[in-house]
Each structure stands twice: as C-alpha cells, then as structure tokens.
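Presented below is the structure to which this report refers.
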Amino acid sequence: MSLIQFPTGFLWGSATASYQVEGAWQEGGKGESIWDRFSHTPGKIQAGDTGDVACDHYHLWRDDIALMRALGLKAYRLSIAWPRILPTGHGKVNPVGLDFYSRLVDELLAAGIRPFVTLYHWDLPQTLQDRGGWPARSTAEAYVEYAEAVARRLGDRVHDWMTFNEPWVSAFMGYEWGIHAPGHSDRHEAFAAAHHLLLAHGWAVPVIHRDSPGSQVGIVLNLSPHHPASPSTADALAARLGDAKNNRWFLDPLVGRGYPEDLRDALGLSLDFVQSGDLAAIATPGDFLGVNYYTRTIHRSDAIPETANKPRTLFPNPNPTTMGWEVYPEGLYELLTRLKAEYPFPAYYVTENGAAYPDQVGADGQVDDPLRVAYLRAYFAQAARALAAGVPLRGYFVWSLMDNFEWAYGYSQRFGLVYVDYKTLHRTPKTSARWYSRVIRENAVEAD
Ligand code: IFM
C-alpha cells in the first residue's frame, strides 16, 4: 500500500475540552458554570447525564498525559475552565485553578507534547450568565480579564492559544435553539452573543500576545461546506444563507469585511449591539485559524415541498456516524482550499475532526474500531490533498483523545481514540489509537 507523506514537523495531536473530561465540578474552589447549571436541570441532557465526574481527568491527568506520550502525540489541545480561574467570572483569581493548569502544562512539556490552549470551550461562569451572559457586552469585558489572568500565568510556557472554540455553537445552540447552555430561544440574543464572542476574541488577541511573548493566537470555528439539495434556485439560496450563518458570519468580520449583508437582509436583523470600533477590534489579525470539520450541510428550501415519492436529496450516506453525520471527507479539501482563496490566514490547523461510533469492549478486552480508522484515513488524505494545493495547514487534532461528555447527548456518543468505561474510569486505547500512533511515527497515512 502506498503512503501519503506529510511535511516534516506536521503537528499531529488530539483534543479535549474542560467540561467534557474534567469532572470535579465543585473542587479546587471552582465556581458553577452554565453547563453545570444546564446539566443539572432535568430534561436537558440525554439520560440525565452530567459532567460532574466525566472522565475524572481533573484527578487522572497524569495518567492521561502518560497515555498521550505512549501514543506519541506531538500536541494536545485542551481547554481551560473559566470558573476554575475566576469562580465568579471576574475579580478574584483562584490560585488553585491556575495551579492545576500550570502543573498540566509542565507535565505535557516534560512529555514532549506541545500544549494548545483554548480559553473558552463553552463553560461560562454562571454568575456572568446571571448578569446577561454573552448577549451582554460586559461578558466580553470580563473575558479579557480572564484571558489576561491565564496568559500571565501560563504564557511563559504555552505558545499556542485559541481564544474561543466554535462561537457559532455558543451563540446559536445556546441562545437561539436552546439545546445548549444556557438554553435560551431568542434570535436577537443569539446574534448579540455571536458579536460579543467575536469582540472578546479581538480584544484578547493583543493581551495574549503581550503576556505570552512570541506566542501564536487564533480562534477556532466550526466550518462546513453548505450544499443545496437540488439545483433549484430556492435550494441554492437556502445553501447560500446557511453558509452565511455558519461560515461567513464569523469569517467575514474576522478578516475585516463586516457582517454578511445577505443574511442581515434575509432575516431583517437589527445589529443594534455593534458599537463604533467593534468591527476594527474583531479584525485584529490573528496568527492562525483553527478549523473544526466533521461533515457538510445539505440545504432544502422550505419553499419546495419534498414528498416521499419525490425526494430531492439523493446523497449517498452509507456509513453515518452515531451522531447521524455523513462521512464526507471531500468537504475538508473543499473547505481548506476555499479558506486559502477567500480567507487567507497565515496558517490553519484542523483543530477538531473525528467520529462517534458504537464502540464496545470485546471479549479479549480490546476495542476494535475499524470504522474510525477508515474515517480518519480518508480525512487525513484530504488534508494531504489540501497541503499539495498549497494550503498552509500546520497540524491536525483528532477529536477526541478519549470518549467524553458529548453535551446534550451525554455519554451516548463515543468520539475517543481511547475508550472510557464510565463506571470504573478505566481507559482502553482503541485500535484507532494504535493506528494513529503509527501515522504520527511515520508522518504518513496509507492511500486508499
Ligand atoms: O464534542 C464536540 C466538541 O466539544 C466541539 N466540536 C464538536 C465535537 C463533537 O460534537
């Protein structure tokens, strides 16, 4: 079998997020987060699951780093829980919280693993939500205080920072559709939240650069190609507006183009929360863009009725993941080459990609996950295609290092390279983990 080689120094890693793996929701002086509150509210999370214990990474972090080292990971993308650092969101810093991440970073560095730190992966301090959450400008101001506290303490050792993970999800799933914390359903709030998330990013970039000299700072967006279900004009428009909301609403202001007018007009949006100077702040140049890519999105316009006899979507999806997401590796190439052409950042990382499958421990105690291996192989090959097309892609983080709390789905979705038994917290590397180890060692993936 022939091999596709990656450039020397290509950074292979894996990713997790604080609320999804840490547990210890009330330890070390941590304040309550919106995800603590949301998951403790009956009916919000599948099977009533919570992140109270999760993978107990807060206590097992040394073992987890040993596991990463054994896998040969070059980099690890983690996130910091804001309520561990500032239990009430701003004001008094909690040294125990900072110490936890400081030790984690030291251990990673000692293991030869480069820490990529995300400052916000959705666990907002509940006190800030009580004062308005992301729809309130004051939350963006508090975020800068938080970013400064973390960068000051870790900035001598962490050189790769991500301000936010997937602001689209925080804004729209949290404030428009109500399926994520804090569970609100208000479109205007959602667009205000999106704006303040972006604003907080722009304000924080120079602060992190100042307190973490020589570091690179970026933001992570969940991006997806938006395809029409048919060649009809109505479907094409639906796809265009889907692209505007999911991709361009974040990309355009980051590169200084302001908010897309087509979506503003189509939804009749009032952007009364935008103040003078905001758009310039959002466009503060970053050093890279983090791309989280899983699948494409197919749009059917409500204007055209779809009937059982006349389905308008005939896309093959023979191999869906347990999230129901189509396996669509070509979308990664499409996305990365589009970014290079239309949104030229100095560098890109795939900061998340992976798949949930119904993994089980076999009689031999092993977890064999050939579907995940096939999935990753196909997506890695598309990343290699994008590199060959000149995209400055510097690294790839598999989501996720280990099975964890998948938000509204609770523990029902297993994305890990490592299987977690939630009763015993025992970790078992899956076949895909061993396969990924080889990819990293050889810096190459088998061609199909
Ligand atoms: O688990 C999430 C992660 O927190 C953000 N990106 C998508 C993943 C899979 O849904």
Side-chain angles (χ1 to χ4, degrees), residues 2-15 73-75 77 114 116 118 159-168 201 205 215-227 239 243-244 246-257 283 285-297 326-355 375-399 436 439-440 442-448:
S2 67
L3 287 180
I4 309 172
Q5 202 65 44
F6 281 75
T8 307
F10 192 76
L11 209 60
W12 295 103
S14 74
L73 293 190
K74 305 277 182 225
R77 177 172 172 242
R114 187 163 144 190
F116 270 59
T118 309
H159 302 298
D160 302 281
W161 298 94
M162 287 141 294
T163 52
F164 286 93
N165 182 71
E166 303 182 356
W168 179 90
H201 159 79
V205 169
S215 63
Q216 52 161 5
V217 186
I219 187 168
V220 172
L221 302 180
N222 53 305
L223 300 172
S224 168
H226 287 250
H227 291 164
D243 179 60
N246 186 164
N247 300 327
R248 287 186 281 122
W249 199 262
F250 296 87
L251 286 166
D252 281 10
L254 284 170
V255 300
R257 288 181 209 150
D287 304 298
F288 68 92
L289 178 70
V291 177
N292 289 358
Y293 173 68
Y294 291 87
T295 190
R296 67 174 161 181
T297 312
E326 179 189 13
V327 178
Y328 190 65
E330 300 84 348
L332 182 58
Y333 175 81
E334 181 180 331
L335 197 56
L336 291 173
T337 49
R338 174 187 180 194
L339 289 170
K340 176 179 182 276
E342 296 177 28
Y343 300 95
F345 283 78
Y348 305 92
Y349 290 87
V350 173
T351 34
E352 281 183 31
N353 169 249
Y375 176 103
L376 291 174
R377 182 192 294 134
Y379 281 67
F380 290 177
Q382 295 296 325
R385 258 185 90 201
L387 277 159
V391 176
L393 180 67
R394 304 286 182 236
Y396 204 113
F397 292 79
V398 172
W399 185 267
Y436 189 39
V439 170
I440 299 172
E442 296 175 349
N443 198 25
V445 67
E446 313 95 58
D448 277 332

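In this chain, numbering begins with 1 at the start of the sequence shown.
Below 30°, between 30° and 60°, or above 60°: for Phe116 and Phe397 the angle between ring planes is between 30° and 60°, a tilted geometry. Ring-plane geometry between Phe6 and Phe10 is classed as tilted, the angle between the planes lying from 30 to 60 degrees on a 0 to 90 degree scale.
Considering only heavy atoms from C-beta on, Leu376 stays 4.5 Å or farther from Val445 through its side chain. In this structure the side chain of Val255 reaches within 4.5 angstrom of the side chain of Phe345, judged on heavy atoms. With contacts defined as side-chain heavy-atom distances shorter than 4.5 Å, the pair Tyr379/Tyr294 does not qualify. By the 4.5 Å heavy-atom criterion applied to side chains, Leu289 and Ile219 are counted as neighbours. Within the 4.5 Å cutoff, side-chain heavy atoms of Leu251 are placed close to those of Leu339.
The structure places OH of Tyr396 at 11.0 Å from CD of Glu352, a figure rounded to the nearest 0.5 Å. Taken to the nearest 0.5 Å, the CD atom of Gln216 stands 6.0 Å off from the CG atom of Asp287. Here Tyr436 contributes atom OH and Phe380 contributes atom CZ; the two are 5.0 Å apart, rounded to the nearest 0.5 Å. In this structure, OG1 in Thr297 is found 11.0 Å from OH in Tyr328, a value given to the nearest 0.5 Å. Of the inter-residue distances, the one linking Asn222 atom CG with Asn165 atom CG reads 7.5 Å to the nearest 0.5 angstrom. To the nearest 0.5 Å, atom CD of residue Gln382 and atom CG of residue Leu387 are 11.5 Å apart.
Contact record, Tyr343 with Asp252: OH-OD1, 2.5 Å, taken as the closest heavy-atom pair. Taking all atoms of both residues into account, the shortest heavy-atom contact from Thr351 to Ala15 is O-CB, 3.9 Å. A pairwise comparison of heavy atoms in Asn246 and Ser224 identifies OD1-CB, 3.9 Å as the closest pair.
Salt-bridge check for Asp160 with Arg394: failed, with every basic side-chain N at 4.0 Å or more from each acidic carboxylate O.
In this structure a side-chain-to-backbone donor-acceptor pair under 3.5 Å is present from Thr295 to Glu326.
Between Asn247 and Trp168, the side chains place no donor N or O within less than 3.5 Å of an acceptor N or O (distance only, hydrogens not considered).
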